[in-house]
Engineer: 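Sharing a structure, written as structure tokens. Questions coming.
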Amino acid sequence: MSIPSSSPERESSAGVQLECPSSPPGMDADPPSTGSPVLSPDSSSHDAVLSAPAASPADSENLSPDELELLAKLEEQNRLLEADSKSMRSMSGSRRNSGSSLVSSSSASSNLSHFEEDTWILWGRIVNEWEEWRRKKDKLLKELIRKGIPHHFRAIVWQLLGNATDMPVKNQYSELLKMSSPCEKLIRRDIARTYPEHEFFKGQDSLGQEVLFNVMKAYSLVDREVGYCQGSAFIVGLLLMQMPEEEAFCVFVRLMQEYRLRELFKPSMAELGLCIYQFEYLLQEQLPELNIHFRSQSFHTSMYASSWFLTLFLTFLPLPVATRIFDIFMYEGLEIIFRVGLAILQYNQTDLIQLDMEGMSQHFQKVIPHQFDSCPDKLILRAYQVKYNPKRMKKLEKEYTTIKNKEMEEQIEIKRLRTENRLLKQRIETLEKESAALADRLIQGQVTRAQEAEENYVIKRELAVVRQQCNAASENLEKAQDTIRELQQQRVNNCRY
Amino acid sequence: MAYAYLFKYIIIGDTGVGKSCLLLQFTDKRFQPVHDLTIGVEFGARMITIDGKQIKLQIWDTAGQESFRSITRSYYRGAAGALLVYDITRRDTFNHLTTWLEDARQHSNSNMVIMLIGNKSDLESRREVKKEEGEAFAREHGLIFMETSAKTASNVEEAFINTAKEIYEKIQEGVFDINNEANGIKIGPQHPTTNSTLPSSQGGQHAGGGCC
């Protein structure tokens, strides 16, 4: 399948003539040039028509009689299939055991092949008149996508939806492959771990692994900030199951740029935090009991929902189901991931509430992924019953940004305070040292003073003794002088006589 | 099944060192040469016996790429044990241990027991990190150390169990506040409710266990 060089730009009025498969099922068109395998079993073409709301009257007015007839047929098939699946379910008595194909045992099988043919014709027309459909019948197109894009149209429709049919970067692709990327080693390590069970990617030298490596490497070179982030290879892998590597590369570039994926896969993964925050709000609002149970069990949202957002359910649900969700993602963006996630929780609420943390983890790993194997439409239908208010989500985004900014400011403040704290601690340390030195000197002084006081005391005592001796001596002296005086008096007296 | 204690673990380390394979070998006793890439976190659980007591291990296996740190960080809190894994055939995974350890120490409770694991010991011919280097790193940072092979199952049981033994000893010593679940330890439903002071183990309980 090739894309013509004329681009489906908005201004092009002629509509794009796209080469697309027009053969009925069974006479399949050639697979993409890389030889991508066919998803099997692909459910989209079989049970593509469980009830979904009919196109609104406003849409119907724009439709040609042919299209109205087809729509009526779709509704009729819907009814048949629903009745059929109901009887199947009552027969098997288990919702998880309702068989792989509704079609084979269906009384409506003959009608279905007609129906398939009609679907092919319709999608052929959609692809050929893409611009017109986008302009005039967008709502109907949305409904049809929700019912599943037929497998053989996926490659082209995904490219058209992603506006990736005519990207300049495509011309760089072969050049990029010749360059070397700093992420090469990391990518190489993950390639074998991406869809290891899938036929296309099995085996070390398989074509699947080679083209997957090429696209991941090429992307890491055009977006150095993201480079390569684990998880993204599952999305590219899905694209490669449908289309050649250059085309897959272009669609992936668009998904990263326009579908919030780049934000999700940036090194900080900040957007994932936001998605989890928004999802938690929906959970709290619409399944409050379950939310309380999760909290009481410390079962964090990120435990199960991180991979839902990062790989768009591709690592959680079987491929046929996840591919149906991806169809819708290509048209409506991340909203469908929120819707499906909440629908899954709602569907399992009664089971989960009775389980502890371990039980819930097991339930998420083993039970939930296969609940919708035979009826992806049921999941999608439930997803659209989930209340999702884009305005509210925008508001939550603002809230989250405010919280995060505040956290960041706080982090900066904490960092600043830590530094200040550290400096103050240093100051305390030096002051303490100074204080210790002073205390030392003080003590030294006191000791000296005590010693001096003692010396003083000793000297005073000595002084007292000396004084006493001195007094005694003066007394003696006085006595002696008295004696001398007496003796002199006697001598004078003696001489007179 | 009733248990005396529940310990929560986290497995960390660079991408591709074999974290998920170690967990699978421990919980399911099998080796999957090409394991699915871990996106975010995965969960596993198993019962073990220490000192005649049933102990349940709840293990969180994390994605290794740097970008996922913001998610995996929140799992440190509430973990009693961490297995820090590197690949003995890739020097860079050993060189990154310091960053991992800083991250773990910063975000976990200070008593968390950390076991350093050099995985892929079966690939002797491609060895880039000597066993002595692992031992030296562990000694320097106060970790327990072991080389394992998720492929041959060599030392895998011991790695998980010895970590549990260390935690169990810390409980006996009264280091862990077992009434605070944020420490990653929970008393089992049938366990007599005690205060944080536990009856000291009545002999028999051998320190460290007899491994390596």
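Naming convention: chains lettered A, B, ... in sequence-line order (proteins, then strands); numbering from 1 in each chain.
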Engineer: Using distance alone, with no hydrogens and no angle check, list the donor-acceptor pairs under 3.5 Å between chain B and chain A.
Structural biologist:
{"from": "Thr15(B)", "atom 1": "OG1", "to": "Arg193(A)", "atom 2": "NH2", "distance (Å)": "3.1"}
{"from": "Thr15(B)", "atom 1": "OG1", "to": "Gln230(A)", "atom 2": "NE2", "distance (Å)": "2.7"}
{"from": "Leu37(B)", "atom 1": "N", "to": "Arg193(A)", "atom 2": "O", "distance (Å)": "3.2"}
{"from": "Phe43(B)", "atom 1": "O", "to": "Gln365(A)", "atom 2": "NE2", "distance (Å)": "3.3"}
{"from": "Lys56(B)", "atom 1": "NZ", "to": "Glu358(A)", "atom 2": "OE1", "distance (Å)": "3.0"}
{"from": "Lys56(B)", "atom 1": "NZ", "to": "Glu358(A)", "atom 2": "OE2", "distance (Å)": "3.3"}
{"from": "Gln65(B)", "atom 1": "OE1", "to": "Gln230(A)", "atom 2": "N", "distance (Å)": "2.6"}
{"from": "Gln65(B)", "atom 1": "NE2", "to": "Tyr228(A)", "atom 2": "O", "distance (Å)": "2.8"}
{"from": "Tyr75(B)", "atom 1": "OH", "to": "Ser302(A)", "atom 2": "OG", "distance (Å)": "3.0"}
{"from": "Tyr75(B)", "atom 1": "OH", "to": "Met303(A)", "atom 2": "N", "distance (Å)": "3.4"}

Engineer: At a 4.5 Å cut-off on heavy atoms, which part of Leu186(A) comes close to chain B: side chain, backbone, both, or neither?
Structural biologist: side chain
Engineer: Tyr168(B) vs Phe7(B), test: ring pair (Phe, Tyr, Trp, His ring centres under 6.0 Å). Steps then yes/no.
Structural biologist: CA-CA 9 Å; Tyr168(B) 185 77; Phe7(B) 297 165; 7.3 Å; no
Engineer: Among all residues two or more places apart in sequence or in another chain, which pass the side chain to side chain donor-acceptor pair (under 3.5 Å) test with Lys29(B)?
Structural biologist: Glu157(B)
Engineer: Do Ser149(B) and Asp122(B) pair up side chain to side chain, a donor and an acceptor below 3.5 Å, judged on atom types alone?
Structural biologist: yes
Engineer: Is it true that a side-chain atom of Asn109(B) and a backbone atom of Asn111(B) form a donor plus acceptor pair closer than 3.5 Å?
Structural biologist: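 Checked: pair present.
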Engineer: Taking side chain to side chain contact (heavy atoms under 4.5 Å, CB included) as the test, write out the residues that go with Ala343(A), two or more places apart.
Structural biologist: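 Side chain to side chain contact (heavy atoms under 4.5 Å, CB included) check on Ala343(A) returns Leu379(A), Arg382(A), Ala383(A), Val386(A).
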Engineer: Listed by chain and number, what are the salt bridge (Lys or Arg N to Asp or Glu O under 4.0 Å) partners of Glu124(B), not counting sequence neighbours?
Structural biologist: Arg127(B)
